[in-house]
Amino acid sequence: MLKYILRRILELIPTLIGISLISFIMIHIVPGNPVRILLGNRYTVARAAALTKQLGLNKPLWQQFLIWLWNILHGNFGYSYVYDKPVVKLVLQAIPHTLVIVVVSVMFAHIFAVFLGAVQAYFQDTIFDQVVTVINYFFYSMPSFWLAILLIIFFAIDLPWFPSGGIVNPQATNPSFADFLHHLVLPVASLFLVSVAGWARFMRSSMREALLQDYVRTARMKGAREFRVLFIHALRNSIIPLITLLGLSLPALLSGALFVEEIFNYPGMGLLYWNAIMSRDYPIIMGVTFFLGVVTILGNLLSDVLYAVIDPRIQYQ
Amino acid sequence: MANSVLNVESLNVEFNMEGNYFHAVRDVSFKIEPGETLGLVGESGCGKSVTSLALVRLLTQSARVTGKIEYQGKNLLDLPERDMRDIRGNEISMIFQEPMTSLNPVYKIGAQISETLLLHKDISPREAFQQSLEMLKKVGIPRPEDIMDEYPHQLSGGMRQRIMIAIAMACNPKLLIADEPTTALDVTIQAQILELMKGISKDLGTSILLITHDLGVVAEMCDRVAVMYAGQIVEQGSVDDIFFNPQHPYTRGLLNAIPKIDAEQKQRLQPIEGNVPPITRMPKGCRFSPRCMHASDRCRAQQPGFFQVDNAEHLSRCWLNEAKEA
Ligand SMILES: Nc1ncnc2c1ncn2[C@@H]1O[C@H](COP(=O)(O)OP(=O)(O)OP(=O)(O)O)[C@@H](O)[C@H]1O
Ligand SMILES: [Mg+2]
């Protein structure tokens, strides 16, 4: 198992180089120039030439890429053009905020979706199931940013229950934890609702299948209650495919978080990334992309490992 | 007899198919005496599994079950689900045809046997574990201590069926229903499993309802036999009655279809021509008449009841037996 994990981590390297290369090419294909944005209305040809040289943007692209790779090998992700701070520092500042949103919403969404899908499968084709299915479709087909805007309109403006953005009240000198949670509700809710819908649908079909299996009949034959049949016998089997889905949906979640952070002005990775793209802050774009790549691959690895923990038939060499 | 283990009287099972109810089992009656093994035989699709699942009330929602299943003075069909749960796995157990899929793939063998004990007996998990281990030894599992800690996928089909027997027998039930317990296994393993069931039923005095389409198995295992065709029992009697004095043309047909070693070497097997009708298209009159060589107009028009053959226990649902009875 350990060997397997190690091998998977080694496999990470070429993938990361690939991801970096592609994003490097992408940012240079799209129009826009960081020097022009940085100088703004102080722009002169001479100043631009000097800054271009200072940032190393005058070198051929392939050289720029290799320099970037070389620096990364030495743990140097460069300096942000805009903030004039190390990329690593900015990313490390932003990570906890994103992590909170994503982890909290994923955790709740997963638990709730498993429960909802399981109960739906058990009561399949009843009115309950049909109503929940319709609601699920509604949220499933809704982009997270759109949902976020709706939530702001309903629960921050029409009903001023929650703040519409930020992490804490800016006026408070010593913001409380409750205030922090209060600001967390809407961003988490928008990610939660979007993820629950998809996962519950998946869980429902997976559970439907599990309930038809012979071992479910065996459990009933033993005299187990329906609760036990559903949540002890069928559930553990039916969440196995869901775990793969969790790993695979991590990138989608992160990009969902990107929009949500932008809308709620939540200073996580998403907002950092978004602003970096807007101002063509190349080192940050590259650094965050690299980081997201690592997270995605680690997410997949994590789900593979969980898979083996839950399903004894899987063995990794 | 008042102290039969199970007394089934005119059991009917209907399935709701797009709004209409169709009989999969019709007017089935039989008794199982203490310590006895009753064979229920018939071709595929005759309603053997439906009958057995009806006995423990494990049919799907679309099934409507009527009649009487008397167990210890109570009609199981009237029992609240909670009482029925107390009986299942405890007093009446069941093993199935598919040993490969009947165990839960994600739990260890030990846990799966203990579960039955923990559900029904007031014992600690530790005691349950000990008793499960004893049970594994009883069903002839080699290295029982190791197997307790293994998962189903690590075991062969024969082993898994032994485990199923261990689960079913863990609470020492009065009745074991075995739905084609050996069909999925190869011949030598089949013999071992049957031997095991025979031994256990003798040691513990368990009655067995053995469902099979293999008359060889019946001859080996059973005291009495009920032959089922298209949802009805067509002939019923002791093993000797059925093998040496079969009355119903269907029973005779089944007997002709088993290979005989002693008979003239190259005698061809004679499967009965035609198929079991689907429950949506049951023939009028005697249900076997479309496949019966002896069928008359009366057979095709009118359904026969049971006629007694040579003794009170030997019954046949065939017009040909009417004359003999009189
Ligand atoms: N849930 C159900 N809904 C509708 N019809 C069913 C259902 N279960 C069984 N049947 C029908 O009832 C009839 C009897 O099926 P059953 O499974 O009892 O046969 P069997 O005698 O056990 O056959 P086999 O030897 O193949 O196991 C078949 O025609 C089958 O199609
Ligand atoms: Mg069957």
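Computed from a prediction, not measured in an experiment: that's the story for all the values here. Chain A is the first sequence line, chain B the second, and so forth, proteins listed ahead of strands; every chain is numbered from 1.
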Need one label for [X]: side chain, backbone, both or neither, based on atoms under 4.5 Å from any heavy atom in chain A.
{"X": "B/Q154", "result": "neither"}
{"X": "B/M164", "result": "side chain"}
{"X": "B/L53", "result": "side chain"}
{"X": "B/L103", "result": "backbone"}

| task | Considering non-hydrogen atoms only, spot the tightest contact between A/P312 and B/P105 and give its length. | result |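 Answer, listing the atom of A/P312 first, then B/P105: CG-O, 3.3 Å.
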query: Where do A/R236 and B/Y107 come nearest, in terms of heavy atoms and distance?
result: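 Here A/R236 and B/Y107 meet closest at NH1-CE2, 3.4 Å.
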Check whether more than 12 heavy atoms from other residues, nucleotides or ligands sit under 6.0 Å from atom [atom1] of [X], and answer yes or no.
{"X": "A/F180", "atom1": "CZ", "answer": "yes"}
{"X": "A/F115", "atom1": "CZ", "answer": "no"}
{"X": "A/F112", "atom1": "CZ", "answer": "no"}
{"X": "A/F108", "atom1": "CZ", "answer": "no"}
{"X": "A/L10", "atom1": "CG", "answer": "yes"}
{"X": "A/Y140", "atom1": "OH", "answer": "no"}

Taking the six-membered ring of B/Y151 as reference, does the NZ or CZ atom of A/R313 fall below 6.0 Å from its centre and within a 45° cone about the axis?
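Here A/R313 fails the 6.0 Å and 45° test against B/Y151.
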Under 4.5 Å, counting heavy-atom pairs only, tell me which of B/V106, B/T116, B/I177, B/I167 racks up the most with chain A.
->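 The answer is B/V106.
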One option among A/D311, A/N237, A/I240, A/I310 has the most heavy-atom pairs under 4.5 Å with chain B, and it is A/N237
Within residues 209-228 of chain A, contacts to chain B at heavy-atom distances under 4.5 Å involve A/D214, A/Y215, A/R217, A/T218, A/R220, A/M221, A/K222, A/G223, A/A224, A/R225, A/R228
Whatever's closer than 4.5 Å to a heavy atom in chain B on A/I232 counts as both
